[in-house]
Enquirer: 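If you scroll down you'll find the structure; I have some questions about it.
Numbering of residues begins at 1 and proceeds along the displayed sequence. What you see is a predicted model; the values in this text were computed from it and never measured.
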Amino acid sequence: SYIHYDSNIRIDERALEGILRSNCEYVWLIGDSRVLDFSSLVTKIKPYLEQDFDYIAVFKDRVRDKEHKIYLNPSTFFSECFWHCTLLGGLILKKSLFDPLRDEKCKLKYLNKYNRNDGFSYIGIFFELLAERENTKGTILITSMKDIGVLGVSKKPAWLPRYLEVWCDN
């Protein structure tokens with residue numbers, strides 16, 4: 001499903017609300033410079049979703065030796081994949097991982113903790129929610145976005161001027 005929010009709503013809240021309001025079992029936050037080829041997604045992504053993973057990390061040529069590895073421990077996943085998961089569109093997430101955020105107090109706690117309004121806070125929240133769970137299952141799919149039906153359009157990404165400040169200055 002596609003959810004669009006008014007620009008006066010904080011970008012991190014838009015990302016979280018998109019996850020929480022989705023009527024799908026899985027969510028995949030990607031930038032608005034992407035166009036989806038749904039027939040490719042059905043053949044290349046759906047088989048992973050049918051294996052009941054909590055998260056699927058989608059990378060291209062970054063951790064090729066880890067492709068299809070199944071992670072049952074968040075610590076191992078973080079130590080091997082943390083940096084690659086910070087890329088927008090790098091994670092397909094089971095929506096139920098975010099169920100604790102249905103409690104408004106819990107959601108506000110995380111929004112206050114990750115109060116940066118840079119568009120990347122949902123990743124920190126995901127990492128923290130994942131670390132708090134006892135049983136998770138994830139894997140890595142090494143492919144190009146184009147190969148799985150995610151095509152780019154000619155648009156300058158809005159996050160580009162901010163990404164160095166977000167990940168390097170802090």
Enquirer: Please tell me if the side chains of E25 and K94 come closer than 4.5 Å, counting only heavy atoms from C-beta onward.
Expert: yes
Enquirer: Could you walk me through whether Y71 and T136 pass the side-chain contact (heavy atoms from CB on, under 4.5 Å) test, one step at a time?
Expert: CA-CA 8 Å; Y71 292 90; T136 60; over 6 Å; no
Enquirer: My understanding is that only one of W28, F77, F127 makes a ring pair (Phe, Tyr, Trp, His ring centres under 6.0 Å) with Y55; could you say which?
Expert: F77
Enquirer: How about Y26 and F53: are their ring centroids closer than 6.0 Å?
Expert: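 Distance test on ring centres: not under 6.0 Å, no.
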Enquirer: Between F98 and L108, is there shared hydrophobic-cluster membership here, with clusters defined by ILVMFWY side-chain heavy atoms closer than 4.5 Å?
Expert: no
Enquirer: Are any non-hydrogen side-chain atoms of L49 and I92 less than 4.5 angstrom apart?
Expert: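 They are in side-chain contact.
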Enquirer: Would you indicate whether the side-chain heavy atoms of R21 and K95 approach each other to under 4.5 Å?
Expert: no
Enquirer: Once you round to the nearest 0.5 Å, how far does CD1 of I19 lie from CG of L29?
Expert: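 These two atoms lie 4.5 Å from each other.
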Enquirer: A131 and P74: which non-hydrogen atoms are nearest, and at how many Å?
Expert: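 Residues A131 and P74, closest heavy atoms: CA-CB, 4.3 Å.
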Enquirer: Would you say that K107 contacts D103 through its side chain, given a criterion of any heavy-atom pair below 4.5 Å between the two side chains?
Expert: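 Heavy-atom side-chain distance check fails, nothing below 4.5 Å.
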Enquirer: Are I125 and E128 packed together at the side-chain level, in the sense that at least one heavy-atom pair is separated by less than 4.5 angstrom?
Expert: no
Enquirer: Of all the heavy-atom pairs spanning R102 and L20, show the shortest one and how long it is.
Expert: NH2-O, 3.2 Å
Enquirer: Looking at every non-hydrogen atom in both residues, tell me the closest pair between P100 and S96 and how far apart they are.
Expert: CD-O, 4.4 Å
Enquirer: About how many Å separate CD of E132 and CG of L97, when rounded to the nearest 0.5 Å?
Expert: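 Rounded to the nearest 0.5 Å, the CG-CD separation comes out at 11.5 Å.
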Enquirer: Might you point out which heavy atoms bring D54 and R133 nearest each other, and give the distance in Å?
Expert: OD1-NH2, 4.2 Å
Enquirer: Are any non-hydrogen side-chain atoms of Q51 and I56 less than 4.5 angstrom apart?
Expert: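 Q51 vs I56: side chains apart.
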Enquirer: Check whether any side-chain heavy atom of L101 sits under 4.5 Å from a side-chain heavy atom of L129, and report yes or no.
Expert: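 Sidechains of L129 and L101: in contact.
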